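Before any comments, here is the structure.
Just so it is clear, the structure is predicted and the values come from calculations on it, not from any experiment.
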Amino acid sequence: METTSLARGSAQRPMQAAATAPTGNAVEVAAPASSLIFLGTGCSGALPHVRCLIQPSTPPCAVCSQALTLPPERNPNYRCNTSLLIDYCENDGIHKYILIDVGKTFREQVLRWFVHHKVPSVDSIILTHEHADAILGLDDAWLVHPSNHKNEIGHVPVFLTQFTMDSVGARFPYLVKQKMGEGNEETRVAQLDWTIIESDVDKPFVSSGLEFVPLPVMHGEGYVCLGFLFGRKARVAYLSDVSRILPRTEHEISKSGAGQLDLLILETNRLHGVGHARSCHLTFTESLDTIRRICPKKALLIGMNHEFEHHRENHILAEWSDREGIPVQLAHDGLRIFIDL
């Protein structure tokens, strides 16, 4: 899979590597040490959609059928639950790995992308909300805990709202009570330290040395989900589950508000139509309208269902980007973006 760079002053296309410095000595610009790894870019059911393979239509689903002929690492339409891993490197050169959401496909994502990108462990976890595609992988979180020379796993902080905490406690009481299983390491449970955060843009928190600003959004009427704004050098906003952006959040991430984003990572769940009052996700048209309003320097789309064919939609987005002056593409599982945070 491709490894790409996104840094201040880089070319307009979001997938293009940083350029060399325009000096007479031809000094190269050092590649950013931090990066974003897209562990998953799909919807809750993930892709391929199981029903498309066990009960195929006529003609068969073109997107899901690719899973029968292409391995996942060569198939950008193979999409696990939406999840982002932030590889944050401070000035001391030490890397910290911050995981946003631990969904139903977490173990598969670890086997595929932690191994591929040589990620040794996770230092902290942030949860956007309590739906299955965001938390059901918590039971396997111990697999990526830091460990010492005695193979003893360390504690990992988890940042979440009280509402999400209540749901996690009901589903995983043994994780919340912090009880170790008896016997060998196969019976271990994750050692997690729970920290409650507020759904308030004025109440940031620090995870593994990096500050995050909560961005409350609607995920269906009456249900608040969190996105996050982070980055000291480059401003990045991550909105993975959203049907409507609240005014205070939109001001915080808009060019016309608190300042232009370097990168907006935004969901687009359905290719056709527009949402209605009970919709829980943005459609393709609504996502592009949102990007136009917020006006980031670049944007990447995530959360796609099987209506989206990666290459076809990116061709359409290239034309839209040229017309609107905002580079936008679909992300894909395994994508790594190098960026100054």
Side-chain angles (χ1 to χ4, degrees), residues 1 35-49 63-64 72 75-87 97-114 117 119 122 125-138 140-141 144 158-160 164 212 214-220 223-230 236-243 245 263-271 279-284 286-287 290-291 299-308 310 313 328-337:
M1 284 306 216
S35 64
L36 310 176
I37 301 174
F38 290 77
L39 299 178
T41 58
C43 55
S44 179
L47 295 184
H49 195 297
V63 170
C64 293
N75 182 3
N77 291 312
Y78 190 103
R79 304 179 184 124
C80 291
N81 291 159
T82 299
S83 179
L84 184 71
L85 184 68
I86 303 169
D87 174 3
Y97 297 95
I98 307 164
L99 177 64
I100 301 181
D101 284 344
V102 192
K104 297 178 286 184
T105 57
F106 178 62
R107 184 176 183 276
E108 180 180 357
Q109 291 164 314
V110 170
L111 290 173
R112 181 162 292 119
W113 302 121
F114 277 56
H117 292 297
V119 177
V122 165
I125 297 171
I126 303 172
L127 299 179
T128 59
H129 64 309
E130 47 78 55
H131 285 171
D133 57 340
I135 72 166
L136 281 195
L138 283 170
D140 285 328
V144 296
V158 182
F159 299 85
L160 70 174
T164 299
F212 290 81
L215 299 174
V217 296
M218 302 310 297
H219 183 23
Y223 189 96
V224 175
C225 178
L226 289 186
F228 299 100
L229 172 67
F230 58 92
V236 180
Y238 180 79
L239 302 174
S240 61
D241 290 87
V242 52
S243 58
I245 298 179
L263 175 64
L264 172 63
I265 303 170
L266 179 67
E267 86 146 350
T268 185
N269 182 251
R270 291 190 293 119
L271 183 60
S279 296
C280 295
H281 302 277
L282 294 177
T283 65
F284 190 50
E286 291 170 330
S287 296
T290 300
I291 292 169
L300 288 168
L301 296 175
I302 58 174
M304 294 79 68
N305 70 9
H306 65 166
E307 297 172 342
F308 291 82
H310 184 82
E313 266 57 76
V328 184
Q329 288 187 6
L330 301 185
H332 60 78
D333 290 22
L335 176 66
R336 187 173 199 168
I337 303 289

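Checked against Ile302 for a side-chain contact (heavy atoms from CB on, under 4.5 Å), the options Thr268, Ile265, Asn269 give a single hit: Ile265.
Distance CD1/Ile125 to CZ/Phe159: 10.5 Å, rounded to 0.5 Å. The CG atom of Leu239 sits 10.0 Å away from the OG1 atom of Thr128 when rounded to the nearest 0.5 Å. Atom CD of Gln109 and atom CG of Asp333 lie 7.0 Å apart (nearest 0.5 Å). In this structure, Asp87 CG and His117 NE2 are separated by 10.5 Å, a value rounded to the nearest 0.5 Å. The distance from the CG atom of Leu85 to the OG atom of Ser35 is 7.5 Å, given to the nearest 0.5 Å. Interatomic distance, OG of Ser83 versus CG of Asp101, reported as 6.0 Å (0.5 Å rounding).
Stacking of Arg112 on the aromatic ring of Tyr78 is recorded, both the 6.0 Å distance cut-off and the 45° axial limit being met.
Proximity of Leu226 to Thr164: side-chain heavy atoms (C-beta onward) are nowhere separated by under 4.5 Å. Put simply, the side chain of Val144 reaches to within 4.5 Å of the side chain of Phe106, judged on heavy atoms. Between Phe212 and Ile98 the shortest side-chain heavy-atom distance falls below 4.5 Å. Residues Leu47 and Asn77 are not in side-chain contact: their nearest non-hydrogen atoms beyond the backbone lie 4.5 Å or more apart.
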Taking it one step at a time, do Leu39 and Phe114 satisfy side-chain contact (heavy atoms from CB on, under 4.5 Å)? CA-CA 9 Å; Leu39 299 178; Phe114 277 56; 3.7 Å; yes
From CA spacing to verdict: side-chain contact (heavy atoms from CB on, under 4.5 Å), Leu300, Gln329: CA-CA 5 Å; Leu300 288 168; Gln329 288 187 6; 4.2 Å; yes
Go through it in stages, so that I can follow the logic: the residues are Val63 and Phe308, the test is side-chain contact (heavy atoms from CB on, under 4.5 Å), and I'd like the CA-CA distance, side-chain angles, deciding distance and then a yes or no. CA-CA 7 Å; Val63 170; Phe308 291 82; over 6 Å; no
Does Ile135 form a side-chain contact (heavy atoms from CB on, under 4.5 Å) with Leu127? I'd like the steps, not just the answer. CA-CA 7 Å; Ile135 72 166; Leu127 299 179; 4.0 Å; yes
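The minimum heavy-atom distance linking Ser287 with Leu301 is given by the pair CB-CD2, 4.2 Å. Residues Asn81 and Lys104 share a closest heavy-atom pair of OD1-N, 2.9 Å. Taking every heavy atom of both residues into account, Ser243 and Gly220 meet most closely at OG-N, 2.8 Å. For the pair His310 and Arg79, the tightest heavy-atom approach, listed with the atom from each and the gap, is N-NH2, 3.9 Å. Asn305 and Cys43 make their closest contact through CA-SG, 3.9 Å (heavy atoms, listed as atom of the first residue, atom of the second, distance). Taking each heavy atom of Thr82 and Gly42 in turn, the nearest pair found is OG1-O, 2.7 Å.
Separation of the Tyr223 and His131 ring centroids falls under the 6.0 Å cut-off. Side-chain rings of Phe228 and Tyr238 stay apart, their centers remaining 6.0 Å or farther from each other.
Checking side-chain atoms of Glu307 against main-chain N and O of Arg270 turns up no donor-acceptor pair under 3.5 Å.
The aromatic rings of His219 and His281 stand perpendicular to each other, their planes meeting at an angle above 60°, with 30° marking the opposite boundary.
Judged purely by distance below 3.5 Å, without hydrogens or angles, the side chains of Glu286 and Thr283 pair a donor atom with an acceptor atom.
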